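What you see is a predicted model, and the numbers here were worked out from it, not measured in a lab. We name chains A, B, ... by the order of the sequence lines, and we start the count at 1 in each one.
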Amino acid sequence: MLEVAQIREHKDVYATALSKRNIDAVSLLDQVIVADETRRSSQAKLDEVLADSNKFSKKIGMFFKSGEVQKANLLKEKTAGLKEQSKTLQEQLNAASEELQSLLYQLPNIPHESVPEGNTDEDNVEVFRKGDIPALHDGAQPHWELAKKYDIIDFELGTKITGAGFPVFKGKGARLQRALISYFLDKNTAAGYTEYQVPHLVNETSGFGTGQLPDKEGQMYHVTEDDLYLIPTAEVPVTNMFRGDLRTHDELPITCTGYTPCFRREAGSYGAHVRGLNRLHQFDKVEIVRIEHPDRSAIALDEMVEHIKTILDELELPYRVLRLCGGDLGFTAHLTYDFEVFSTAQDRWLEISSVSNFLTFQANRLKLRFKDADGKNKLAHTLNGSSLALPRVLAGILENCQTPEGIKIPKVLVPYCGFEMID
RNA sequence: GGAGAAAUGGCAGAGUGGUCGAAUGCGGCAGUCUUGAAAACUGUUGAGGGUCACACCUCCGGGGGUUCGAAUCCCUCUUUCUCCGCCA
């Protein structure tokens, strides 16, 4: 959620920045400013009435104390009108606040100046690329064929017990999954991130805190009986751990990592691109989250990108990093880098990580603040990224590391797996 | 699931109808002392809205009510603790 005070002061800057998202935010920003003015003037009127009313109450109290009951009763009559007024004004204020709130919920975060113009993922800008795309042997296969050939993932079995998009991992496939999770967590904790295990269901307030609600209502599984949501990413429970906090500046940064399964309804997805591990309803992911001082969040984002690069370097997978364009940028994000691994057998890039800086957008909703060196309370900056999402990394390994003899496990994973080949 | 108790500032913890945004302690900040630090002592220190700045308003788990007036009384929800039951 954008900050009203900022919108008030820098409306033009905001309008220009938001235009990169290919939306015309001018009228929405104007509405926010009007709604805010209405809210403030309602508040001022109400405050005045309440101030009068407080004065009367104090006097009444004093009259009762001194035994001047008649005077007290006389004043009591006067307060009746004030009470009516305050009730009406309170209703006006509530309406104005709700109006303002709903307008603010409609405004996405402002893109960073480096965010490229563009509408779709085709307009994203590649900023880094590394690793050789291997020349595969004849008869090389896409990962879903390999999964079947080596009997390590059973998609049909998952369909039987749940539905499409819920694969069953088996034998060395299951072991490789566990190895990847451990390896990622070890890399993250070695880089200073504290490991957490968090709930996989969250309440509505948490959904609003990180911005999944109301924007992505339909993308989350909703357990209506208990009004809980299955998490679409660990970002939600991990970031919400700090909801409402007031920290001191020397507590920052706070850096967390956690493994969770992620659940996404993926309503509207279909076709060849969802085949195999490409798009699932349930998948595993290791996430990193940082709570940063505003002065440091830009650097922190770079650090996160560099950190993820080292993981992919070690895995020896061909990958690239993209800076997302305005049209592809998530609702809550200010600047996002996507990591993609090359799927050789499919001849396409697969997104395996998304690393973003949210500035105060989430913190404003979360009321996540810190006391700065100057003694002032300020909103913190939040960032997060996948480090990494499992299925497509697995797809990348299966496809890029396939040999006529079997799948050759990247060296760094061998100690975690306990085997060198899937054959 | 049943019975009882509780929820107060960064933390601990008093406060049962008005002068309470709230004692006290810890922590934080500033100062005195010290070569420096610690200790001790003194002062200061909740959050949000509002204002150029004041004033002023709101907030004692959430929501609603009683009252001229609520941290305090009533209703309700949530959470925590204790006891019982059940159980991975």
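Residues from residues 32-62 of chain A that place a heavy atom under 4.0 Å from any atom of RNA chain B, listed by number: R39(A), R40(A), Q43(A), D47(A), L50(A), A51(A), N54(A), S57(A), I60(A), G61(A). Proximity of residues 77-95 of chain A to RNA chain B (heavy atom under 4.0 angstrom from any strand atom) is restricted to T79(A), K83(A).
Look at NZ on K371(A): it is 15 Å from P on G9(B), rounded to the nearest Å. When rounded to the nearest whole Å, the span between CZ of R369(A) and C1' of G46(B) equals 10 Å. Distance CG (N203(A)) to C1' (U79(B)): 12 Å, rounded to an integer number of Å. Remark: C1' of A47(B) and CG of L379(A) are 13 Å apart, rounded to the nearest angstrom. The interatomic distance linking R247(A) (CZ) with G9(B) (C1') rounds to 17 Å, in whole Å. In this structure, D250(A) atom CG and G27(B) atom C1' are separated by 13 Å, rounded to whole Å. Rounded to an integer number of Å, the gap from K378(A) NZ to G48(B) P is 13 Å.
Cation-pi geometry between K285(A) and Y259(A) is not satisfied (NZ or CZ under 6.0 Å from the ring centre, within 45° of the ring normal).
The salt bridge (Lys or Arg N to Asp or Glu O under 4.0 Å) check on E99(A) picks up nothing, with sequence neighbours excluded. Evaluation of the salt bridge (Lys or Arg N to Asp or Glu O under 4.0 Å) rule for D123(A) yields no partner, not counting sequence neighbours. Under the side chain to side chain donor-acceptor pair (under 3.5 Å) criterion, D245(A) pairs with R247(A), not counting sequence neighbours. Partners of P232(A) by side chain to side chain contact (heavy atoms under 4.5 Å, CB included), not counting sequence neighbours, listed by chain and number: Q212(A), M220(A), V236(A), R264(A). In this structure L74(A) satisfies the side chain to side chain contact (heavy atoms under 4.5 Å, CB included) test with no other residue, sequence neighbours excluded.
Base pairing analysis places A70(B) opposite nothing; no Watson-Crick or G-U wobble pair with both distances below 3.5 Å involves it. Nucleotide G17(B): unpaired (no Watson-Crick or G-U wobble partner with both distances less than 3.5 Å). For C11(B), the paired nucleotide is G25(B), the pair qualifying as Watson-Crick or G-U wobble because both relevant distances are below 3.5 Å. Judged by Watson-Crick or G-U wobble contacts below 3.5 Å, the nucleotide U79(B) has A6(B) as its partner. Across all strands shown, A88(B) remains unpaired; no Watson-Crick or G-U wobble contact has both distances below 3.5 Å. Nucleotide A47(B) is matched to U58(B) when pairs are restricted to Watson-Crick or G-U wobble geometry with both distances under 3.5 angstrom. G31(B) is paired with C41(B) under the criterion used here, namely a Watson-Crick or G-U wobble arrangement in which both key atom distances are under 3.5 Å.
Note: Y183(A) and Y416(A) have perpendicular aromatic rings, judged against thresholds of 30 and 60 degrees for the angle between ring planes.
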Mind listing the side-chain donor-acceptor pairs of residues 24-32 of chain A below 3.5 Å, one per line with the distance, residues two or more places apart or on another chain?
from	atom 1	to	atom 2	distance (Å)
D24(A)	OD1	V26(A)	N	3.3
D30(A)	OD1	K11(A)	NZ	2.7

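The same atom, C1', is picked in C87(B) and in A5(B); the two are 25 Å apart, to the nearest Å. Nucleotides U78(B) and A14(B) place their P atoms 27 Å apart, quoted to the nearest Å. Rounded to whole Å, the separation between the C1' atoms of C83(B) and A88(B) comes to 23 Å. When the P atom is used for both G15(B) and A23(B), the distance is 14 Å, rounded to whole Å. For the P atoms, the distance linking C29(B) with U34(B) amounts to 22 Å, nearest Å. Only the P atoms considered, U32(B) is 42 Å distant from U16(B), to the nearest whole Å. One P atom belongs to C26(B), the other to U42(B), and the distance between them is 11 Å to the nearest Å. The separation of G10(B) from C60(B), taken at their C1' atoms, amounts to 16 Å, rounded to a whole angstrom.
The six-membered or imidazole ring of Y337(A) lies away from that of F128(A), with a centre-to-centre distance of 6.0 Å or more. Between H307(A) and Y193(A), the distance separating the two ring centers is shorter than 6.0 angstrom.
Using a 4.0 Å heavy-atom criterion, one finds that N73(A) contacts no nucleic acid atom at all.
Identified under the side-chain hydrogen bond (donor to acceptor under 3.5 Å, both in side chains) test for residues 69-89 of chain A, with sequence neighbours left out: E68(A)-K71(A).
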